[in-house]
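Input: a single structure, listed below in structure tokens.
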Amino acid sequence: MSLKVYNTLTKRKEDFVPQEPGKVRFYACGPTVYDYFHIGNARPFVVFDVFRRFLMYRGYQVIYAVNITDVDDKIIKKANNEGVSIREVTQRYARAYLEDIYKLRILPPDVNPRATAHIDEMIELIRKLFENGYAYEVDGDVYYDVGRFKDYGKLSGKKIDELQSGARIEVDERKHNPLDFALWKSARPDEPWWESPWGNGRPGWHIECSTMSMKYLGSTLDIHAGGEDLIFPHHENEIAQSEAATGKPFARYWMHNGFLQIRGEKMSKSLGNFLTAREVVKRHKPEAVRLFFLQKHYRSPINYSEEILSETENALMRLKHVLENIERTLEGKKLSEIEEKDLTGPEKQRWESLQKNRLRFIQEMEDDFNTAGAVGQLFEMAKIANRILEEEELSENNQKILKFIHRTFHEFDSFLSLFGAEEETGVETGTFNQLVNILVQIRNDLRAKKEWALADEIRNKLMESGILIEDRKDGTSWKPVKKNKNN
RNA sequence: GGCGGCGUAGCCAAGCGGCUAAGGCGACGGUCUGCAAAACCGUUAUUCACCGGUUCAAGUCCGGUCGCCGCCUCCA
């Protein structure tokens, strides 16, 4: 089986082959921190998080970088409107961004670079573009000379001439070409600025992503991802800058997510028809938001409504109930691994269906991350589990089948993050389990050394925290013990 | 005007040339229950916007028509 990815650059689904076997350099465009991000912005954050983690699940070493844009016109405007400093605005919303992605159970990226911390590198990149003849200066502004870059338009499929005729923006006569974009903007009053060879100023938007992605991931990225509205001009310009500077291909695979619509219209800040992710997460489970995105293919448009979110929440509960019911049924039972040769009749059929479901799930994920198709397999497995749970007496093999289903769900949840959250605390169970397992392991090491006092201390302390340790001849297990509570 | 995408049951949605068109929500029927709720089980598209064409075989490929959306300007 091999992974296939739809590449915007070639407009085709391609076999995914990273430049270095087993290693994926993955960059996704992050937020401009001038406001809370809305539920439409959340889509790429969630889906690319799942893709990243699926790649990890498949054994790739993934370096995942997501930038934070903290210098930009909109930030300046916001600060001026509120009469506060730029720094205050960016700190407030950068923190809010981190809080919100945490709530959505998005794993923190490996690198989360901020633009203002990379001004020197940006200046260096611009200097390189001057050296290579792709940049020019006018009155302290520096522009990229689009006409000099032969491949301009290769990502968006646009031709420079056609763009010119269709350009609706007023033409700046100082530019060689109306499509030339700012690499460096000279300082205006009340704007933040940094020193540069071209005078005081601040970087243009596009140069940030080129600079930071290449700094942390190298000249050629394996995957560059973002919303489809970034294809032009943002990603087109990133390619122009990066490739003109390094002479190497900038990114091997370009992935773009489709838009979220509300009442048949694109959700956007400028249209004012947005709901912040934090509002939505107050009304609906974060896992339901994730499932909402995952039940659609990431490249298709998706329609938001409260009703659809509620429906998704019901669907999520169906899956969670299965897990809970299996847990209750199997509680305290010790089951060995399933022996296929012992299976006959309906048990065998169930087992074979489940194997197909599991395989199919992975195949769907590998087929350009078809999460909707994959999730369907989960519901089919849930159906089988429920049929077993309905039975009066559970055979040993049926119990083992239930156990298999439970394990498979959690296996896939390493990248789906739909289950396993502690409802009240928001603490991720996976992390919690890992911590307890570490303690149990340490204790076993101590027992091996016959350091009983400390080992018992760990057991007692865990018991006090509601964790029961069980030493058995085939190993140590543990489980949370329910405190006496009504209901 | 240029470029790109979409149109599958009441709603959401997978499907990318060939087993009986996944799955979810809802609705209806049933199991459970003292009753109810919850949960679970079952049923729910001779048909894939429309018209032609290619093929032994088409939601699936090609052409056209209609409708919707996005990009071409900051935007995930």
Side-chain angles (χ1 to χ4, degrees), chain A residues 4 6 8 11-13 28-32 34-35 37-48 66 69 72-74 77 153 155-170 178-179 181 205 225-236 256-261 264-271 274 277 291-292 294-305 307-322 324-325 356-357 360-361 364 367-368 370-383 385-391:
Chain A
K4 285 191 166 55
Y6 180 87
T8 310
K11 295 183 175 52
R12 272 204 304 263
K13 219 185 268 184
C29 283
T32 299
Y34 72 104
D35 200 351
F37 69 80
H38 62 65
I39 192 66
N41 297 323
R43 163 123 97 154
F45 299 159
V46 168
V47 298
F48 296 131
V66 180
T69 299
D72 170 85
D73 290 347
K74 284 186 294 244
K77 196 174 154 195
L155 181 68
S156 56
K158 295 181 190 305
K159 309 262 189 313
I160 292 183
D161 326 345
E162 291 168 1
L163 282 167
Q164 274 178 264
S165 56
R168 282 185 274 146
I169 194 166
E170 57 184 283
L179 292 172
F181 54 91
W205 175 40
E228 65 182 358
D229 58 342
L230 298 181
I231 295 171
F232 189 90
H234 184 53
H235 289 161
E236 197 70 69
H256 293 96
N257 64 276
F259 271 104
L260 181 139
Q261 294 173 205
E265 229 179 8
K266 169 183 173 179
M267 179 180 284
S268 78
K269 290 275 166 57
S270 41
L271 289 172
F274 65 93
L291 185 59
F292 168 66
L294 297 179
Q295 280 192 303
K296 258 277 204 181
H297 189 92
Y298 74 95
R299 283 190 279 115
S300 305
I302 190 169
N303 215 59
Y304 180 90
S305 74
E307 291 70 36
I308 293 174
L309 244 284
S310 298
E311 287 168 13
T312 308
E313 211 152 2
N314 291 341
L316 174 72
M317 291 319 287
R318 182 176 173 79
L319 295 175
K320 292 187 84 153
H321 282 139
V322 169
E324 284 163 17
N325 288 334
K356 275 188 206 142
N357 291 139
R360 174 89 187 277
F361 181 101
E364 295 287 5
D367 184 11
D368 193 29
N370 185 356
T371 54
V375 166
Q377 303 304 309
L378 252 32
F379 285 96
E380 293 199 354
M381 294 173 94
K383 179 85 72 188
N386 281 327
R387 285 197 193 123
I388 294 172
L389 288 162
E390 281 288 289
E391 290 178 10

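Naming convention: chains lettered A, B, ... in sequence-line order (proteins, then strands); numbering from 1 in each chain.
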Legend entry - Sequence-distant partners of T69(A), side chain to side chain donor-acceptor pair (under 3.5 Å), two or more places apart: N67(A), E208(A)
Inset, instruction - Go through G70(B), A14(B), G24(B) for me and flag the one nearest to the F259(A) side chain. - result: G70(B)
Inset, instruction - Remember a base hit wins even if backbone is also touched, and classify G258(A) as base, sugar-phosphate or nothing at under 4.0 Å, heavy atoms. - result: base
Inset, instruction - Using atom CD of E391(A) as one end and atom P of U31(B) as the other, report the distance to the nearest whole Å. - result: 19 Å
Legend entry - Whole-Å distance separating the CZ atom of R299(A) from the C1' atom of G15(B): 13 Å
Legend entry - I388(A) CD1 to U31(B) P, straight-line distance once rounded to whole Å: 23 Å
Inset, instruction - Indicate, with a heavy-atom threshold strictly under 4.0 Å, whether N370(A) touches base, sugar-phosphate, or nothing. - result: sugar-phosphate
Legend entry - Interatomic distance at P, A37(B) relative to G30(B), whole Å: 13 Å
Inset, instruction - Measure from the side chain of F232(A), starting at C-beta and using heavy atoms only, and say which of G15(B), A76(B), C72(B) lies closest. - result: C72(B)
Legend entry - Nucleotide paired to A22(B) in any strand shown, Watson-Crick or G-U, under 3.5 Å: none
Legend entry - Nucleotide opposite A14(B) in a Watson-Crick or G-U pair, distances under 3.5 Å: none
Inset, instruction - Look at the side chain of E228(A) and decide which nucleotide, out of G70(B), A76(B), G15(B), has an atom nearest to it. - result: G70(B)
Legend entry - Given C69(B), C75(B), A14(B), the nucleotide with the shortest approach to the side chain of D229(A): C75(B)
Inset, instruction - Starting at atom CZ of R12(A), determine the distance to atom P of G5(B), rounded to an integer number of angstrom. - result: 13 Å
Please tabulate, for the side chains in residues 375-383 of chain A, all donor-acceptor contacts under 3.5 angstrom to protein atoms that are two or more places apart in sequence or on a different chain.
from    : atom 1 : to      : atom 2 : distance (Å)
Q377(A) : OE1    : N357(A) : ND2    : 2.9
E380(A) : OE1    : N357(A) : ND2    : 3.1

Legend entry - Set of residues satisfying side chain to side chain donor-acceptor pair (under 3.5 Å) with respect to E391(A), sequence neighbours excluded: R350(A)
Legend entry - Nearest-neighbour nucleotide for the E311(A) side chain, A14(B), C11(B), A76(B) considered: C11(B)
Inset, instruction - Look at the side chain of P233(A) and decide which nucleotide, out of U73(B), C25(B), G2(B), has an atom nearest to it. - result: U73(B)
Inset, instruction - Using the P atom on both, measure G26(B) against C16(B) and round to a whole Å. - result: 28 Å
Legend entry - Syn-anti status, with the boundary at 90° from 0, for the nucleotide G59(B): syn
Inset, instruction - Return the value, rounded to whole Å, for the distance between atom NE2 of H297(A) and atom P of G59(B). - result: 22 Å
Legend entry - Length of the CD-C1' vector between E364(A) and A14(B), whole Å: 7 Å
Output one line per pair: protein atom, nucleotide atom from nucleotides 39-45 of chain B, and distance, for all N/O pairs under 3.5 Å.
from   : atom 1 : to      : atom 2 : distance (Å)
C40(B) : O3'    : N386(A) : ND2    : 3.4
C40(B) : O2'    : E390(A) : OE2    : 3.1
C41(B) : OP1    : N386(A) : ND2    : 3.4
C41(B) : OP2    : R318(A) : NH2    : 3.4
G42(B) : OP1    : R387(A) : NE     : 3.0
G42(B) : OP1    : R387(A) : NH2    : 2.5
G42(B) : OP2    : K383(A) : NZ     : 3.3

Legend entry - Strand partner of A9(B), provided both Watson-Crick or wobble distances fall under 3.5 Å: none
Inset, instruction - Establish, yes or no, whether the cationic atom of K13(A) lies under 6.0 Å from the six-membered ring centre of Y6(A) and within 45° of the ring axis. - result: no
Inset, instruction - For C71(B), take OP1 and OP2 only and decide whether either is under 4.0 Å from a side-chain N or O of K266(A). - result: yes
Legend entry - G67(B) versus U20(B) - spacing of their P atoms, nearest Å: 37 Å
Inset, instruction - Just name whichever nucleotide pairs with G70(B), Watson-Crick or G-U, keeping both distances under 3.5 Å, else none. - result: C3(B)
Legend entry - Nucleotide of A14(B), C71(B), C74(B) approaching S300(A) most closely (side-chain heavy atoms): A14(B)
Legend entry - Pairing partner (Watson-Crick or G-U wobble, both distances under 3.5 angstrom) of U65(B): A49(B)
Legend entry - Beyond-backbone contact of M267(A) with N41(A), side-chain heavy atoms, under 4.5 angstrom: no
Inset, instruction - Grab the two heavy atoms, one from P44(A) and one from N257(A), that are nearest each other, plus how far apart they are. - result: CB-OD1, 3.3 Å
Legend entry - Base-pairing assignment for A58(B) (Watson-Crick or G-U wobble, both under 3.5 Å): none
Legend entry - Pairing residues for H256(A) by the ring-ring contact (aromatic ring centres under 6.0 Å, His included) criterion, not counting sequence neighbours: H235(A)
Inset, instruction - Would you please confirm or rule out a distance under 4.0 Å between OP1 or OP2 of C75(B) and any side-chain N or O of K269(A)? - result: no
Legend entry - Identified pairing partner of A39(B), criterion: Watson-Crick or G-U wobble below 3.5 Å: U31(B)
Inset, instruction - Apply the side-chain hydrogen bond (donor to acceptor under 3.5 Å, both in side chains) test between Y298(A) and each candidate in D368(A), T371(A), N370(A); give the one that qualifies. - result: D368(A)
Inset, instruction - Go through the structure and list residues passing side chain to side chain donor-acceptor pair (under 3.5 Å) with D73(A), not counting sequence neighbours. - result: R202(A)
Inset, instruction - Using whole Å, report how far CD1 of I231(A) lies from C1' of U73(B). - result: 16 Å
